Amino acid sequence: EEFVQLFGQTSFSLIVIVIGFLTFVIAGILQLGGFVNLLNIANEGHRLEFFNMNPLITERYNFYNTFGNGLFAFGAAYSITPTYAQRVCAVKTMDEAKRVMKINMVGFTLLYIVLYLASVVAYASYAGCDPVLEGKIDVYNQIFSFYIIDKLNYIWGLPGIYAATLASGTF
């Protein structure tokens, strides 16, 4: 009961989502021949542009504008949205509120890193072919679901873990 009160349903769902996507990322990296091979494919396709340390603001993607955008997006989300205000108001003391927000920030940062890796894995798996243009899927929003069924269906139970991960995101 104390865990649910302190961490809340959202944090439990966040843990399920992170574990689910980590499973897909690890399976995808192994299928692609390792992390270095994944990074090579992504780099050849110019998908790692945010590691560009050139400080020019005229560039579309670089580390500084990506970091700044994330800082403003997280700052706005953690300061004015009703979801986060409710999390802070739902605990009894200010120390608990600070702890809840710190845990939440670490969790969501981890989630975004894992989601980015999952998208790089999906990109690298279909580098050189486009499932939308080939007519296998209708829109690019279906790419990760298609990836799970198309490339990782040999792992027993993985589509079920994907379904659980998606269901956790709805709570």
Side-chain angles (χ1 to χ4, degrees), residues 9-54 56-78 81 83-84 104-171:
Q9 178 66 33
T10 303
S11 295
F12 178 72
S13 298
L14 183 64
I15 291 167
V16 172
I17 293 169
V18 169
I19 290 172
F21 273 100
L22 263 177
T23 304
F24 312 134
V25 167
I26 292 168
I29 288 172
L30 292 174
Q31 186 180 43
L32 289 167
F35 191 70
V36 173
N37 196 31
L38 168 71
L39 291 179
N40 286 337
I41 294 169
N43 192 39
E44 288 172 8
H46 303 288
R47 295 300 190 258
L48 301 178
E49 295 294 320
F50 74 89
F51 286 117
N52 177 3
M53 292 301 200
N54 190 349
L56 292 176
I57 61 171
T58 56
E59 289 192 27
R60 183 173 181 180
Y61 298 111
N62 63 31
F63 175 79
Y64 302 104
N65 63 20
T66 303
F67 182 77
N69 183 32
L71 188 64
F72 282 111
F74 271 111
Y78 278 92
T81 60
T83 304
Y84 293 103
N104 200 276
M105 288 173 68
V106 168
F108 273 102
T109 301
L110 180 63
L111 175 67
Y112 281 108
I113 290 169
V114 171
L115 288 176
Y116 178 77
L117 283 172
S119 65
V120 172
V121 166
Y123 169 79
S125 296
Y126 294 108
C129 66
D130 190 338
V132 173
L133 295 178
E134 292 177 359
K136 294 180 179 179
I137 57 175
D138 297 327
V139 292
Y140 289 109
N141 289 344
Q142 299 170 340
I143 192 77
F144 204 74
S145 299
F146 179 70
Y147 165 72
I148 297 292
I149 300 300
D150 183 43
K151 302 284 186 179
L152 299 178
N153 64 353
Y154 66 93
I155 301 173
W156 184 84
L158 199 62
I161 292 173
Y162 182 64
T165 303
L166 290 178
S168 292
T170 63
F171 290 110

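What you see is a predicted model; the values in this text were computed from it and never measured.
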(message) Which heavy atom of Pro131 sits nearest to which heavy atom of Ile143, and what is that distance?
(response) CG-CD1, 3.6 Å
(message) Using side-chain contact (heavy atoms from CB on, under 4.5 Å), reason through Tyr116 and Val25 one step at a time and then give a plain yes or no.
(response) CA-CA 10 Å; Tyr116 178 77; Val25 167; over 6 Å; no
(request) Could you tell me which non-hydrogen atom of Leu111 sits nearest to which non-hydrogen atom of Ile17, and how far apart they are? (result) CD1-CG2, 3.4 Å
(request) Quick one: pull up CD1 in Ile148 and OG1 in Thr23 and give me the separation to the nearest 0.5 Å. (result) 9.5 Å
(message) Could you report the tightest heavy-atom contact between Thr165 and Gly20, atom names first, then the distance?
(response) OG1-CA, 3.4 Å
(request) Identify the two heavy atoms, one from Lys151 and one from Gln31, that lie closest to each other, and give their separation to 0.1 Å. (result) O-NE2, 2.8 Å
(request) Nearest 0.5 Å please: distance from the CG atom of Leu30 over to the CG atom of Asn37. (result) 12.0 Å
(request) Report yes if the side chains of Val121 and Tyr147 come closer than 4.5 Å at any heavy-atom pair, otherwise no. (result) yes
(request) Classify the ring geometry between Phe144 and Phe21 as parallel (under 30°), tilted (30 to 60°) or perpendicular (over 60°). (result) tilted
(message) Between Ile149 and Tyr162, is there a side-chain heavy-atom distance shorter than 4.5 Å?
(response) no
(request) Flag yes if more than 12 heavy atoms outside Phe72 fall under 6.0 Å of its CZ atom; otherwise flag no. (result) no
(message) For the OH atom of Tyr123 and the CD1 atom of Ile41, what is their distance to the nearest 0.5 Å?
(response) 9.0 Å
(request) Say whether, by atom type as modelled, one donor and one acceptor occur between the side chain of Glu134 and the main chain of Cys129 under 3.5 angstrom. (result) no
(message) If I take atom OH from residue Tyr112 and atom CG from residue Leu117, how far apart are they, to the nearest 0.5 angstrom?
(response) 15.0 Å
(request) Of all the heavy-atom pairs spanning Gly28 and Leu152, show the shortest one and how long it is. (result) N-CD2, 4.4 Å
(request) Might you point out which heavy atoms bring Asp138 and Val132 nearest each other, and give the distance in Å? (result) O-CG1, 3.9 Å
